[in-house]
Amino acid sequence: MAKNKKINIVSMTRAAIQLIFFIAAPELFQASFTGIKYIAGQMHEGNVIEITSFVLCLLVLCGFTIVFGRFFCGFACAFGSFGDAVYAISQFIQKKTKKKMPKIPEKYSVHLQKVKYVVLMAIVIMCFLGVYNEFAKNSPWTVFSKLQALEFKQTFSVIGIILLILIVVGMSIEERFFCQFFCPMGAFFALLPVIPFSQPKKQKEMCIKGCSLCQRRCPAHIDTEDKKNYYECINCYKCVSGCPKSSMHIAADFGINSAVAAVIKGILLMGIVYLWLK
Amino acid sequence: MPQVFCFCGTGQRKKGMGIVMKKQFFVRLCSLIVMAACVGIYQINASAWEKKEADNQKKIAKIEKYNNDILRKEGKLKNTYKDGIYEAKAMGFGGDILVKVDVSDGQIKEIEVVKAEKEDSAYLTAAKAIIDTMIDRQNTNVDTVSGATYSSTGIKNAVTEALKDAVEES
């Protein structure tokens with residue numbers, strides 16, 4: 001029971017931090033991706049790359065990710081938080097109505113996770129070739145941002161709306177559906193050299209034989225045995241908070257309680273955002 | 001909860017996981033350095049191109065001014081603009097830019113940005129360089145300012161709109 005209580009405290013803390021970022025800084029994910037598109041676009045035009053607010057946002061989030069891991073993805077991205085909310089509601093409804101929705105088998109998930117790199121590459125290449133503007137207006141992110149800002153009077157792209165609906169359906173059957181499989185920004189962060197010191201790791205000698213709780217709780221299907229896909233980690237702390245033996249830990253947290261560590265990182269990120277990006 | 005300190009890389013037992021993560025880290029680090037170097041090299045080249053382009057623009061403006069001065073002296077330059085003060089606005093980056101154009105002796109003497117509330121001051125300052133070019137060339141068919149495209153386009157369009165009433169019927 002004590003372990004479940006600990007899990008709940010961490011997940012409630014996480015939800016609170018996600019809500020704060022959703023209200024105070026919901027534009028970050030799109031701003032940083034616009035930075036990537038801008039750089040590629042400028043290279044297409046042969047123009048100098050100015051440090052616009054988008055480029056600055058990109059640099060700040062990349063710097064933070066290299067040092068702390070994909071904490072942004074797990075705690076501060078408005079779209080990721082939206083997906084978590086959709087999934088939580090879907091789980092709740094499934095529990096209450098005792099009806100189960102289909103699940104994506106784990107072995108497919110690991111392969112589907114590669115698709116987001118294709119999405120990232122396709123968009124960047126289109127920007128390099130100067131042909132992306134045609135497609136830009138159909139982005140589901142644009143639709144989401146307008147709705148989130150409560151701007152209903154704008155014109156919405158039909159394709160964008162359809163894509164967003166499909167994404168929401170996916171979000172309700174698989175945790176972090178969009179983040180894992182399709183997010184180009186997540187793909188970019190996953191390509192960064194996140195220092196291993198900041199990533200969750202096991203101390204195998206402390207593990208209970210045959211446990212695998214960390215692996216079962218991980219929404220990104222990370223193999224905690226060989227950590228080959230550790231860059232999929234969004235630092236959600238589900239493994240650390242759920243570990244019955246405190247074997248799963250983040251070295252950079254220096255033994256601090258998960259919820260406290262998350263709050264500290266959240267405050268740090270919010271401080272950086274307000275100092276440099278607002 | 002026991003304090004857990006882990007300085008990974010020490011201790012043979014952590015070898016498997018630690019090494020995989022470290023290898024991935026170094027591969028990514030090297031890739032990042034290569035990418036950053038490519039962007040850096042591009043940036044150096046693009047800056048050089050931009051400087052060359054700016055120098056070319058200055059040369060063109062100088063030559064045109066020289067030509068126009070000669071034509072004017074010979075009385076061969078048509079007074080293309082009606083004297084007067086004209087105001088108009090056009091869309092910049094964040095909102096409308098209002099300009100005032102002063103025409104005397106048939107020439108654009110002065111262009112002033114009266115109001116540009118929604119423009120970022122840094123961009124607006126950069127965009128105002130287009131004003132000198134338009135006065136040198138005595139027309140609005142000039143290149144926008146690189147890096148302040150929207151603001152300079154706004155100024156350019158506003159001046160064009162203002163001069164609509166100033167163009168003489170030929």
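In what follows, chains carry the letters A, B, and so on, assigned in the order in which the sequence lines appear, proteins first and then strands, with residues in each chain numbered from 1.
- Residues of residues 133-145 of chain B having a heavy atom under 4.5 Å from any heavy atom of chain A: none.
- Annotation for B:Lys109: atom NZ counts as buried by contact number, over 12 foreign heavy atoms lying within 6.0 Å.
- The number of heavy atoms from other shown groups lying within 6.0 Å of NZ (A:Lys146) is above 12.
- In terms of heavy-atom pairs under 4.5 angstrom with chain B, the leader among A:Met43, A:Glu50, A:Gln42 is A:Met43.
- In this structure, the separation between CD1 on A:Ile195 and CG on B:Leu29 is 11.0 Å, given to the nearest 0.5 Å.
- Counting heavy-atom neighbours within 6.0 Å of A:Trp276 CH2, excluding the residue itself, gives a total of 12 or less.
- Contact detail for B:Phe25 and A:Pro193: the closest heavy-atom pair is CE1-O, 3.1 Å.
- How far CG of A:Leu191 is from CZ of B:Arg28: 6.0 Å, rounded to the nearest 0.5 Å.
- Counting non-hydrogen atoms of neighbouring residues, nucleotides and ligands closer than 6.0 angstrom, the NZ atom of A:Lys137 exceeds 12 such neighbours.
- Atom NZ of A:Lys278 sits in a crowded spot, with more than 12 heavy atoms from other residues, nucleotides or ligands closer than 6.0 Å.
- Of all non-hydrogen atoms in A:Gly46 and B:Ala46, the two that sit nearest each other are O-CB, 4.1 Å.
- Taking each heavy atom of B:Gln43 and A:Ile49 in turn, the nearest pair found is NE2-O, 2.7 Å.
- In terms of modelled atom types and a separation under 3.5 Å, the side chain of B:Glu50 and the main chain of A:Asn47 share no donor-acceptor contact.
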Check residues 61-72 of chain A and write down every donor-acceptor pair under 3.5 Å in which the side-chain atom is one partner and the other belongs to a residue at least two apart or another chain.
| from | atom 1 | to | atom 2 | distance (Å) |
| --- | --- | --- | --- | --- |
| A:Thr65 | OG1 | A:Leu61 | O | 2.8 |
| A:Arg70 | NH1 | A:Tyr231 | O | 3.0 |

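- The neighbour count for A:Glu151 CD, taken as heavy atoms of other residues, nucleotides or ligands under 6.0 Å away, is above 12.
- Applying the ring pair (Phe, Tyr, Trp, His ring centres under 6.0 Å) test to pairs two or more places apart or on separate chains, those with a residue in residues 110-154 of chain B are B:Phe93-B:Tyr150.
- Residues of residues 34-42 of chain B lying within less than 4.5 angstrom of chain A, judged on heavy atoms, are B:Val39, B:Tyr42 in numerical order.
- Counting all heavy atoms, side chain and backbone alike, B:Met21 lies closest to A:Gln199 at CE-CB, 3.5 Å.
- Heavy atoms closer than 4.5 Å to chain A are found nowhere in B:Ser31, neither backbone nor side chain.
- For A:Ala40, no part sits under 4.5 Å from any heavy atom of chain B, backbone or side chain.
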